[in-house]
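Both ligands and their constituent atoms are indexed starting at 1 by order of listing. Index from 1, following the sequence. No experiment lies behind these values; they were computed from the predicted model shown.
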Amino acid sequence: MNNLVKINPSFPQRHWLQKAATILRTGGLVAFPTETVYGLGADALNPAAVEKIFAAKQRPGWDPLIVHVRDLAMAESLASELPANFRPLAEKFWPGPLTLVVKKNPRVPDAVTAGRPNVALRMPKHPVAMTLLMEAGLPIAAPSANQFGRPSPTRAEHVVTDLGKRVDLILDAGPTQLGVESTVLDLTQSPPAILRPGGVTREQLEALLGPVTLAPSVADELARQGLAGPGMTQQHYAPRGRVELFEGDRQIVIERLSARAAELRQRGHCVAALVSDEMLPVVEPVTELVASFGVWGDWEKLAQRLFAAFRVFDSQGAIVILCVLPPAEGIGLAVRDRMQRAAGILTKQTS
Ligand code: TXA
Ligand code: MG
């Protein structure tokens with residue numbers, strides 16, 4: 001049986017959402033769209049169902065999952081205590097691309113949190129995700145629906161490629177809007193710490209909270225202690241082609257990137273480049289595979305298209321992928337993080 005169904009993104013068909021909810025309630029896996037990327041969902045309170053997520057993604061057991069909630073009451077039921085800044089953050093940014101890490105309630109299985117005392121909670125802003133949460137009446141544990149280490153899925157076909165029949169049902173509502181994942185904010189630290197930059201920007205958080213810090217993610221922390229296993233965290237969000245990054249003002253990036261493309265091509269490599277519209281006339285003549293994200297400075301568009309571009313270049317056999325690295329502000333911080341990880345540059349963020 002085909003496990004992929006087309007869903008209207010704004011007015012999801014009830015019939016399919018009810019079917020998906022039944023799968024979740026009986027311990028199965030459903031891939032569904034959120035405003036960031038597609039998630040691979042299971043009943044967060046059913047340890048056996050949660051284990052299936054780890055198996056399907058080949059995700060190491062030390063990497064905890066985000067739990068998606070339909071309302072504040074559900075979030076409260078999964079936490080043991082909520083710090084004072086939780087409610088103002090949830091009121092301002094939920095539903096939306098912000099994940100809040102708080103002390104967990106004993107109801108939350110260890111499989112979800114990888115044995116940690118904290119749980120990550122998020123209310124997604126997508127009609128399909130929200131309707132699914134309502135229909136199922138359950139908190140849904142869901143990481144990105146990609147194979148571990150690969151770029152996150154921004155289209156249902158990416159889920160099919162990576163996970164195929166290991167998912168009981170895939171709800172296809174077309175491309176996701178943001179393209180990069182949620183911001184993970186740890187509220188158990190003071191000041192609050194960004195463990196992963198994402199859709200809600202550092203500037204937006206600081207406008208509400210005052211200064212927040214950037215701290216290592218669970219994977220970074222374990223890698224630092226040598227506990228994550230070789231190769232497990234060096235590259236993340238990564239295409240098969242080798243990623244090279246170019247940073248600076250537009251003219252400098254155009255010159256350096258096109259010179260590098262020409263050099264690699266001369267050596268016989270299949271070169272791909274993800275560039276801005278203005279760069280096309282210079283880059284196209286010296287590069288085999290070129291895609292544009294839009295005009296220079298439109299980093300939202302770059303965020304939206306990055307992972308899909310990686311996958312297209314992979315399917316075309318790119319050996320090297322040249323990318324423009326945006327400045328570390330707004331959504332640029334999240335895009336830089338993903339690109340640097342894809343390039344295998346483990347960023348040791350400390351401030
Ligand atoms: O936008 C998103 O966040 C997507 C959609 C599907 O919601 N989900 C997602 O999940 O990106 P995943 O599993 O690919 O990334 C979750 C991140 C990981 O870096 C994980 O280490 C961190 O959140 N995380 C989850 N639970 C945590 C916890 N209890 N403490 C610290 N970090 C946690
Ligand atoms: Mg992921």
Taking both backbone and side-chain atoms of [X], is any N or O found less than 3.5 Å from an N or O belonging to ligand 1?
{"X": "Arg122", "result": "yes"}
{"X": "Ser217", "result": "no"}
{"X": "Thr113", "result": "no"}

Looking only at protein heavy atoms, identify the closest one to atom 13 (O) of ligand 1 and say how far it is in Å. Arg59 NH2, 2.9 Å
Taking only Lys NZ, Arg NE, NH1 and NH2, and the carboxylate oxygens of Asp or Glu, determine whether Arg150 and Asp314 approach each other closer than 4.0 Å. yes
Salt-bridge present (Asp220, Arg341; N to O < 4.0 Å):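 Yes, Asp220 and Arg341 are salt-bridged.
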Correct closest heavy-atom pair for Phe11 and Asn8 would be N-OD1, 2.9 Å
Arg311 and Asn146: which non-hydrogen atoms are nearest, and at how many Å? NH2-CB, 3.9 Å
Would you say that more than 12 heavy atoms from the other residues, nucleotides or ligands in this model lie under 6.0 Å from the CZ of Arg14, or not?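 Open: at most 12 neighbouring heavy atoms sit under 6.0 Å from CZ of Arg14.
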Checking contacts here: is it the side chain or the backbone of [X] that comes within 4.0 Å of ligand 1, counting heavy atoms only? Could be both or neither.
{"X": "Ser182", "value": "both"}
{"X": "Lys104", "value": "neither"}
{"X": "Lys103", "value": "neither"}
{"X": "Leu65", "value": "backbone"}

So, applying side chain to side chain contact (heavy atoms under 4.5 Å, CB included) with Thr113, which one of Val218, Asn118, Val119 is it? Val119
Give the atoms of ligand 1, by number and element, whose distance to some non-hydrogen atom of [X] is under 4.0 Å.
{"X": "Val184", "result": "23 (O)"}
{"X": "Thr36", "result": "1 (O), 2 (C), 4 (C), 5 (C)"}
{"X": "Ser144", "result": "8 (N), 9 (C), 10 (O), 12 (P), 14 (O)"}
{"X": "Leu195", "result": "31 (C), 32 (N)"}
{"X": "Asn118", "result": "29 (N)"}

Can you confirm whether the side chains of Thr176 and Thr154 place a donor and an acceptor under 3.5 Å from each other? no
For the pair Phe148 and Trp62, name the ring-plane relationship: parallel under 30°, tilted 30 to 60°, perpendicular over 60°. perpendicular
Would you tell me which option among Ala114, Ala145, Ala142, Pro64 has the nearest heavy-atom contact to atom 25 (C) of ligand 1?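 Of the listed residues, Pro64 has the closest heavy atom.
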Identity of the nearest option to atom 10 (O) of ligand 1, non-hydrogen atoms only, from Pro143, Ala193, Pro124: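 Looking at heavy atoms only, the winner is Pro143.
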Below 3.5 Å, can you tabulate the donor-acceptor pairs from side chains in residues 125-133 to any protein atom, sequence neighbours excluded?
residue : atom : partner : partner atom : Å
His126  : ND1  : Val128  : N            : 3.0
Thr131  : OG1  : Pro127  : O            : 2.5

Any N/O/S atom from Ser152 (main chain or side chain) under 2.8 Å of the Mg ion (ligand 2)?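 So Ser152 does not bind the Mg ion (ligand 2) by this criterion.
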Find out whether Leu195 and Gln189 are in side-chain contact, i.e. whether some heavy atom of one side chain is under 4.5 Å from a heavy atom of the other.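 The answer is yes; the side chains approach within 4.5 Å.
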